[in-house]
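Letters A, B, ... are given to chains in the order of the sequence lines, protein chains preceding strands, and every chain is numbered from 1. Not measured: the values here are computed from a predicted model.
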Amino acid sequence: MSTEQKEKPAYGMKDYKAADPRWCTGCGDYTILVGMRKFFSNAQLPPHKLVNISGIGCSGRMPHYLETYGLHGVHGRAVPLAMGVALTRPDLKVFIHSGDGDSISIGGNHLLHGIHKNFNCVYLMYDNQIYGLTKNQSSPTTRQGLPTMSQPAGTYIEPINPVKFALGLGATFIATTAEWMNKHLVDTLEKAYAHQGFSFIHIAQRCPKFNPAAWDFQNNEWITFMEHENGIAADPRISKGAKIIQHDPSNKNGAFEAAEEVPNIFGLFYQEKKETYCNLVQKNTKNTAQKDPNKILDAFQL
Amino acid sequence: MSTEQKEKPAYGMKDYKAADPRWCTGCGDYTILVGMRKFFSNAQLPPHKLVNISGIGCSGRMPHYLETYGLHGVHGRAVPLAMGVALTRPDLKVFIHSGDGDSISIGGNHLLHGIHKNFNCVYLMYDNQIYGLTKNQSSPTTRQGLPTMSQPAGTYIEPINPVKFALGLGATFIATTAEWMNKHLVDTLEKAYAHQGFSFIHIAQRCPKFNPAAWDFQNNEWITFMEHENGIAADPRISKGAKIIQHDPSNKNGAFEAAEEVPNIFGLFYQEKKETYCNLVQKNTKNTAQKDPNKILDAFQL
Amino acid sequence: MTKKNMTRLELLMDAGNGAQKAGDILIKGFAKKGHYVFIEPLIPAEISPPKRTPHSLSGAVIRVGEDELTNIGSYTDFVLVEHEILLKKRLSDKEFSKDCIIFIDMAESKRFSDDFEEVIAEAEAEGYKVIRFNMHEDALATIKALNGNGKNMYYLGMMTKLFEMQPEEIETVIRATFRKLSEDKLNQNIGIFKLGYDGFAEVYQENISIPERKIEGDKVLLDGNTAMALGIIDAGIKLFSGYPITPASTIMHNLAKLFPQYGGMIHQAEDEISAIGTAIGSYFVGVPSVTATSGPGLSLKQEFIGLATGTEVPCIIIDVQRAGPSTGLPTRTEQSDLYSAIYGAHGDNATVVLSVSNVEDCFYAPHVARYLTEKLRVPVFILSDYLTSVSYRILDKMPLALLQDKDVTEIPEYILKRFDLKPLPENIEMVKDNQSKPGEEGGTRRVTGLNTDEAGQVIYTSESDHRAHQVRNNKVYAVEDAMLEPEKFGDESGELLIVSWGSCRGVLQESITKAKDAGYSVGGLNLKIVYPIPTKHLKNIFSKYKKVVTIEVGYGHERKPAQLAGLLRMQTLVDVESAISNATGRPIKPIQVLEMIESKCQGVPA
Amino acid sequence: MTKKNMTRLELLMDAGNGAQKAGDILIKGFAKKGHYVFIEPLIPAEISPPKRTPHSLSGAVIRVGEDELTNIGSYTDFVLVEHEILLKKRLSDKEFSKDCIIFIDMAESKRFSDDFEEVIAEAEAEGYKVIRFNMHEDALATIKALNGNGKNMYYLGMMTKLFEMQPEEIETVIRATFRKLSEDKLNQNIGIFKLGYDGFAEVYQENISIPERKIEGDKVLLDGNTAMALGIIDAGIKLFSGYPITPASTIMHNLAKLFPQYGGMIHQAEDEISAIGTAIGSYFVGVPSVTATSGPGLSLKQEFIGLATGTEVPCIIIDVQRAGPSTGLPTRTEQSDLYSAIYGAHGDNATVVLSVSNVEDCFYAPHVARYLTEKLRVPVFILSDYLTSVSYRILDKMPLALLQDKDVTEIPEYILKRFDLKPLPENIEMVKDNQSKPGEEGGTRRVTGLNTDEAGQVIYTSESDHRAHQVRNNKVYAVEDAMLEPEKFGDESGELLIVSWGSCRGVLQESITKAKDAGYSVGGLNLKIVYPIPTKHLKNIFSKYKKVVTIEVGYGHERKPAQLAGLLRMQTLVDVESAISNATGRPIKPIQVLEMIESKCQGVPA
Ligand SMILES: Cc1ncc(C[n+]2csc(CCOP(=O)(O)OP(=O)(O)O)c2C)c(N)n1
Ligand SMILES: Cc1ncc(C[n+]2csc(CCOP(=O)(O)OP(=O)(O)O)c2C)c(N)n1
Ligand code: SF4
Ligand code: SF4
Ligand SMILES: [Mg+2]
Ligand SMILES: [Mg+2]
């Protein structure tokens with residue numbers, strides 16, 4: 001093999017492309033799909049070693065469009081499926097794709113325990129602040145006052161703050177990004193992938209169909225980027241006009257304070273080294289003296 | 001009626017006593033039962049206006065022992081049942097009784113949304129840091145390292161911090177107490193009852209059967225009380241040897257910092273006024289112009 | 001001009017292009033002429049999938065006729081389709097009549113001429129007549145100006161001409177429908193519509209005319225889920241507690257708008273488990289409530305359904321069935337949640353299951369469900385299905401029951417009768433003697449999913465366990481005892497009896513009439529209450545026919561009877577065969593039933 | 001000295017006083033003499049309810065005999081009870097033989113003499129002989145010193161004498177059991193034991209002797225759930241994923257200790273939904289896994305069960321049935337989750353349901369489940385029940401299959417045969433052609449609960465939907481085709497055939513033998529696989545008897561057949577009656593079956 005050939009990446013972005021997506025025109029999910037493929041190709045991850053797992057929703061279709069192994073599960077319960085993979089096949093790399101409703105409405109308990117168990121995976125919460133696939137109902141992140149099909153007089157209550165939620169549970173990696181911040185998104189994926197544990201990424205996602213006014217694309221003044229030498233750099237294309245602050249991702253109390261600005265603040269909130277649950281369980285088996293399976297009944301003999 | 005008779009409370013503690021409890025000797029649930037009856041009687045709450053709702057567990061039996069209306073539901077799902085009561089009958093007073101497993105393992109999603117919806121009720125989380133009724137498995141609050149029937153080599157991971165969890169979700173009332181702090185418990189119940197919204201009380205509870213070493217009763221040095229003019233006073237019987245600090249319950253970031261000491265710190269972490277979800281839903285109906293039910297089909301007429 | 005007393009047409013467009021809107025307007029036009037319509041929307045499982053893909057198929061199938069229509073019929077006579085990919089997809093459903101006429105818009109054929117011709121050839125090979133057309137240039141220009149919108153108005157114009165309707169009348173409906181558009185845009189749309197109307201004469205010279213009728217009495221245009229929402233209000237229910245899921249969601253959407261106007265509330269829960277829990281909590285404190293879902297949600301509710309049985313708290317569960325198993329085909333129809341409703345919860349459960357056969361049933365089922373669940377204090381299901389939930393029909397305006405704030409025993413008898421039921425006995429024994437409502441002084445009591453005695457005390461003895469089972473099941477037997485003979489069609493005895501439930505009733509009714517006309521000795525029977533079944537009546541009726549079969553939209557096989565067939569076999573021991581058991585997600589066609597009759601009666605009319 | 005070749009005794013104490021420990025020691029003593037035992041613990045639904053309440057009843061029912069025992073039998077001949085309240089509670093179960101002897105400890109009669117006498121009178125009125133006894137003073141003193149512990153050792157001593165066992169042998173077992181106690185405490189306990197042994201002569205002068213036998217071959221003492229845990233390991237499963245629930249939990253407890261020693265892992269999930277999700281995730285990536293639960297957990301798992309069917313990911317669900325509905329009676333037995341397993345998930349699901357009749361079945365069921373689920377890629381259930389899960393038996397040591405790291409097709413045929421099955425055909429068609437495992441290069445694929453075609457692409461056409469249903473159901477038909485004639489007892493034809501499943505097999509077997517001895521013309525049939533059922537075989541067998549009935553521990557009625565009876569009726573159209581359908585939470589007694597036989601055969605032996 002010539003050196004030129006060697007330099008050509010073994011896996012191009014095209015190698016991760018599967019079926020044609022069926023999302024609406026202008027849907028932010030397309031951008032995330034591209035970001036995923038870009039990241040996979042940057043990191044040269046062998047497709048057969050990747051498992052993309054999802055719940056139900058527009059976002060839940062992601063695995064179908066990635067030429068890797070994929071498991072499109074039931075609504076809100078991608079985390080338990082992913083846990084099964086992480087526990088038994090640590091050689092595989094797990095990515096979870098889940099909408100705001102899927103993550104925090106029906107799926108809240110699994111997300112909670114996924115974060116707490118801190119198993120190794122990258123979790124992408126696609127937050128379009130609405131139920132897309134079921135056509136426009138309020139989700140736990142819908143902004144107060146927005147009229148939807150289920151709360152036509154305006155969504156009753158303030159949204160849940162996903163970052164504070166994750167912080168309260170002791171998450172070991174929490175970052176926020178937006179699908180239209182292409183570089184920031186890929187950088188965030190890279191950082192999350194490098195983290196050993198449950199890497200929670202909150203992604204602001206456009207739903208032009210049902211929630212077109214969720215974000216303002218005319219200016220970036222409402223945007224704050226958090227930067228730090230251990231964090232994620234502001235997106236070069238978006239940072240014009242945006243505020244940039246410094247935040248040390250090892251400072252948990254500071255993260256809690258900064259999280260007050262979610263969903264208008266982007267970057268790495270928190271990162272901490274902590275052994276994963278799966279490692280501990282696997283170790284427990286590895287460190288136990290193995291017995292002869294031929295003698296399994298002997299202890300019960302009379 | 002003579003004045004002497006008038007002074008005798010209409011509802012004595014005995015009036016709230018129903019069937020004989022079936023807990024183990026020395027179980028902390030007995031003390032909570034007494035505390036509930038004491039509080040009811042202090043506040044002179046009419047038994048027929050009270051609804052005690054529970055999940056499954058030793059703690060879940062509480063409603064059977066209180067001569068009020070009671071609904072002993074399924075495991076982990078007392079909150080949805082309670083929501084039904086709060087939404088449709090705001091004249092009734094709702095108390096939820098739930099173990100640590102019931103609350104945060106299987107019931108995590110409902111608790112999450114109960115807190116977020118901030119409906120009006122008093123939520124008692126009975127934390128014996130173990131599964132009692134199913135005989136000694138690890139719960140999400142079991143201390144790391146404790147051997148149990150499900151994790152005999154020692155519970156794998158650090159417990160969830162219920163206070164941080166509630167704070168992360170924007171709870172409007174969060175307090176911790178212990179069942180053996182009789183006065184503190186009753187004071188906490190009173191304060192929680194007075195709060196309009198979801199009042200989350202974390203109660204340290206003895207399980208002599210399966211987790212006898214969870215708390216040290218030889219001394220109080222490990223105990224910190226948080227006090228404040230808007231808070232709850234330290235328990236007079238327990239405060240000897242205990243540390244007492246000041247914490248302003250309107251300070252959310254401070255609460256997050258103080259919560260690092262859970263489960264060794266007791267008092268009111270946080271309180272905030274916020275309209276309840278149920279109020280908003282009820283108001284929406286009340287404020288809508290009522291139509292004539294005789295004409296319900298007219299809009300669909302050709 | 002061809003006279004027809006019944007026909008079926010369909011409009012097929014890419015999602016988001018307004019096919020269903022055009023269909024809605026069209027049927028209002030039909031209604032003005034006194035025609036009856038039955039309309040089934042075709043909805044993609046994704047929101048707005050990329051255009052020019054098979055997934056993007058969105059449309060309206062419209063059956064129109066002189067007489068009342070009970071179902072969508074067998075075959076389409078006229079198709080108007082936006083491009084070849086949609087046509088190809090729909091061809092695969094095999095629902096076009098043998099002399100079907102297909103109008104295909106050639107706008108995109110410049111770029112995809114081979115594809116167009118291939119599909120057209122395929123259609124022609126099936127014997128259909130394909131007529132190519134091009135929209136008027138001015139229309140194209142306006143559509144471009146409207147960012148691609150308005151094509152549906154052109155098609156609407158074509159249909160208006162085809163069916164000889166007054167363009168002015170349709171224009172009025174268009175104006176009413178788009179009243180929120182600016183005057184400018186509205187006029188542009190109407191301009192396109194007119195061009196479509198005017199241009200049609202060049203495309204096709206025949207016109208179809210359906211005999212007009214004077215409209216007698218008040219008519220309403222309703223789909224199943226809207227009727228269900230209205231029925232919930234009229235039944236005096238006060239709380240809807242649900243979680244979005246296709247196709248149940250529109251019940252919630254309707255109520256979200258309407259319920260507050262009639263003193264009710266809707267609660268969107270975090271999931272289906274919570275939704276039913278809240279409904280139970282509400283009924284425990286005496287406030288009538290309902291939850292609604294579809295397949296996956298039903299699976300999640302099973303534990304709480306068992307709790308309702310055990311605690312004797314009333315509970316109404318609406319399940320709008322869709323094609324399963326698992327996530328399945330969310331926008332296709334099926335009738336295969338029957339067993340999940342009856343048998344899904346662990347242990348020996350006691351429940352009643354109603355089914356709905358048409359829009360009127362959707363309206364009255366909540367009344368009956370409320371009556372049964374409050375009398376018996378067992379969970380009561382209403383099984384609807386995708387087809388019933390989304391299909392519109394023109395029908396007589398229903399009389400109201402106005403059960404708001406009334407005791408449920410005041411339910412009018414005609415409503416019970418509609419579900420083949422007479423009133424239940426006044427006293428029904430409960431496991432627990434005390435059934436007071438929270439708030440009632442002196443009535444304090446506790447309920448639990450644990451076994452109890454009559455005093456409501458938790459107890460684990462053999463006798464109390466046995467008694468509780470017996471008392472619960474007696475409630476269901478009381479329903480069986482109150483069941484009238486189910487509705488029947490055709491011959492009272494003979495060669496063949498065909499049994500249906502839910503949305504198949506209309507197809508059955510029409511097929512029996514046709515088979516009778518053709519001289520077959522055949523009867524039909526439709527069940528509204530599908531659990532319990534009226535075993536005594538059925539045994540008696542079944543004995544009068546040589547053969548009994550069911551038609552069901554759900555998997556069946558000689559080795560595994562479809563669900564109703566299985567139940568009938570279990571209870572009556574009659575060899576009930578599931579003769580038609582579509583696991584295709586599409587409604588059964590009258591023609592399928594007729595062919596089946598032919599084969600079962602050995603092709604020989606009696 | 002009375003010779004008996006079989007008898008039943010029971011020890012009834014307040015919870016926490018060690019009745020079950022004493023029982024365990026006693027049966028080890030019996031085992032040393034070559035006796036067979038069957039022991040059923042009585043466990044309260046609460047942990048340690050206050051003493052001297054009916055809820056506190058904790059105990060061991062021990063059937064002991066010369067020959068192998070398959071069930072707990074009908075009646076108890078000897079009762080040793082701590083106080084009158086427990087006796088009263090147990091009297092209500094009506095399980096004492098007519099000349100039952102009851103030894104009652106009078107220690108508490110000083111404070112409750114009226115209560116004692118009342119209950120004793122009640123027992124005597126039933127014809128039982130009640131013998132009052134008082135513990136030796138020295139024993140009482142030691143017990144006091146031990147904080148109330150040790151009473152069970154006294155009772156153990158009494159039983160040792162009653163059954164003529166060598167106290168030295170029992171002492172050895174006590175020492176082994178309490179090896180963690182201090183030498184001091186151990187000696188105190190043994191002191192109490194000896195006082196009980198010595199004192200018994202004053203209480204009762206008869207002794208019972210069961211013919212001794214030389215023990216041949218290796219014997220093991222196992223309960224159902226321990227056997228299931230061991231079977232999981234031997235079947236080569238690598239992950240157990242569960243959530244605690246009585247009575248399934250002990251499978252998890254056993255595995256928590258054992259699995260790591262054999263390369264496996266256990267995962268305690270946050271709830272039952274998550275538990276099965278993780279099991280499915282594991283199997284998706286090719287690692288055999290299992291989840292276990294009881295009733296309420298089964299209700300929660302339904303949605304994921306449907307996903308396993310739809311995605312074609314293998315999945316094994318163990319359900320240890322307890323008395324329902326809802327929370328029910330968690331420490332009583334029942335067989336009424338059968339329909340929930342077969343029909344619980346919405347839509348048309350495809351599953352296989354195994355049942356276990358004894359400890360050996362518990363051991364081998366995981367092997368068969370793994371075989372079926374990996375071959376067919378449909379969910380496979382193992383239905384056990386409370387009785388089977390907690391009952392101990394002495395049995396021949398089972399041969400191992402050692403399927404660790406083996407392909408599941410290497411399963412020994414004797415194991416399949418045990419479940420009346422022969423190997424499945426080599427090729428089973430799947431909905432999706434590509435079934436590669438993650439990690440396999442070039443095999444990347446996606447699975448989903450949505451409908452797909454053979455390429456695994458999401459598709460909503462009629463044909464693909466129909467095909468997918470057919471392919472899934474064909475898998476189940478393949479099992480039916482591979483089913484051998486089920487196990488039969490007694491006459492091959494005659495008056496009456498009795499059908500059982502699960503834990504009733506032992507009772508059936510014993511009853512048929514007795515009925516044959518009494519001259520009745522009766523046969524028995526037990527099903528190990530309860531879904532699908534071998535319809536062809538059954539039709540053939542059923543035709544040879546005048547009447548077919550089932551015996552089931554679950555509610556049944558002439559208007560609502562018990563669950564297996566209903567299934568048999570549906571599939572065979574034979575009028576199968578659920579002749580015994582206990583909804584009492586207690587096992588069926590052989591005597592009940594004999595009485596039923598008598599009544600069905602009109603009391604006249606053939
Ligand atoms: C158990 C269950 N309940 C409900 C649904 C219907 N459903 C599908 S997607 C969805 C929510 C979609 O919202 P979100 O998770 O935010 O994803 P998005 O479509 O916005 O990407 C719902 C309620 C389902 N498929 N399964
Ligand atoms: C759906 C369901 N899963 C599991 C159980 C079994 N179960 C009963 S109580 C309990 C947990 C008890 O722990 P906790 O909630 O901490 O209450 P405690 O007994 O300690 O008061 C479990 C797992 C059940 N009853 N229902
Ligand atoms: S509905 Fe919204 S989230 Fe779904 S595909 Fe369309 S734009 Fe995207
Ligand atoms: S097991 Fe523990 S929590 Fe349960 S009753 Fe006994 S002491 Fe109390
Ligand atoms: Mg969303
Ligand atoms: Mg606990």
Item to check | Over-ring placement of B:K164 relative to B:F256, 6.0 Å and 45° cut-offs | outcome: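 Judged by the rule, B:K164 and B:F256 form a cation-pi pair.
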Where on [X] is there a heavy atom nearer than 4.5 Å to chain D: the side chain, the backbone, both, or neither?
| X | answer |
| --- | --- |
| B:H75 | side chain |
| B:I104 | neither |
| B:C27 | neither |
| B:K135 | both |

Which of parallel (below 30°), tilted (30 to 60°) and perpendicular (above 60°) describes [X] and [Y]?
| X | Y | answer |
| --- | --- | --- |
| B:W180 | B:W215 | tilted |
| B:W23 | B:Y65 | perpendicular |
| B:Y16 | B:Y11 | tilted |

With a 4.5 angstrom heavy-atom cut-off, is it the side chain or the backbone of [X] that approaches chain B, or both, or neither?
| X | answer |
| --- | --- |
| D:Q268 | side chain |
| D:A269 | backbone |
| D:P50 | both |
| D:H253 | both |
| D:S249 | side chain |
| D:L300 | side chain |

Item to check | Among B:S138, B:G108, B:P21, residue most engaged with chain D (heavy-atom pairs, under 4.5 Å) | outcome: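 Greatest number of close heavy-atom pairs with chain D: B:S138.
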Checklist entry - Is atom CD of B:E261 surrounded by more than 12 heavy atoms (other residues, nucleotides or ligands) closer than 6.0 Å? => result no
Next on the checklist: Tell me whether B:K17 at atom NZ has more than 12 heavy atoms from other residues, nucleotides or ligands lying less than 6.0 Å away.
Outcome noted: yes
Checklist entry - Looking only at heavy atoms, which of residues 287-294 of chain D get nearer than 4.5 Å to chain B? => result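 Within residues 287-294 of chain D, near chain B: nothing under 4.5 Å.
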Item to check | Nearest heavy-atom neighbours spanning D:L57 and D:R90 | outcome: CD2-CD, 4.4 Å
Checklist entry - What are the two closest non-hydrogen atoms of D:A256 and D:P260, and how far apart are they? => result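 Smallest interatomic distance, heavy atoms only, reads O-CD, 3.6 Å.
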Checklist entry - In a check of salt bridge (charged side-chain N to carboxylate O under 4.0 Å, His left out) between D:E82 and each of D:K89, D:R52, D:K151, D:K51, which one passes? => result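 Answer after filtering D:K89, D:R52, D:K151, D:K51: D:K151.
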Checklist entry - Are B:F198 and B:F119 an aromatic pair by the rule of ring centers under 6.0 Å? => result yes
Next on the checklist: Using ring centroids (six-membered ring only for Trp), state whether B:Y69 and B:F95 fall under 6.0 Å.
Outcome noted: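 B:F95 vs B:Y69: aromatic centres not under 6.0 Å.
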Checklist entry - Most heavy-atom pairs under 4.5 angstrom with chain B, which of D:P244, D:G242, D:S56? => result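 Sorted descending by pairs with chain B, the first entry is D:P244.
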Item to check | Step-by-step salt bridge (Lys or Arg N to Asp or Glu O under 4.0 Å) determination, D:D271 to D:K301 | outcome: CA-CA 10 Å; D:D271 63 19; D:K301 288 180 196 291; over 6 Å; no
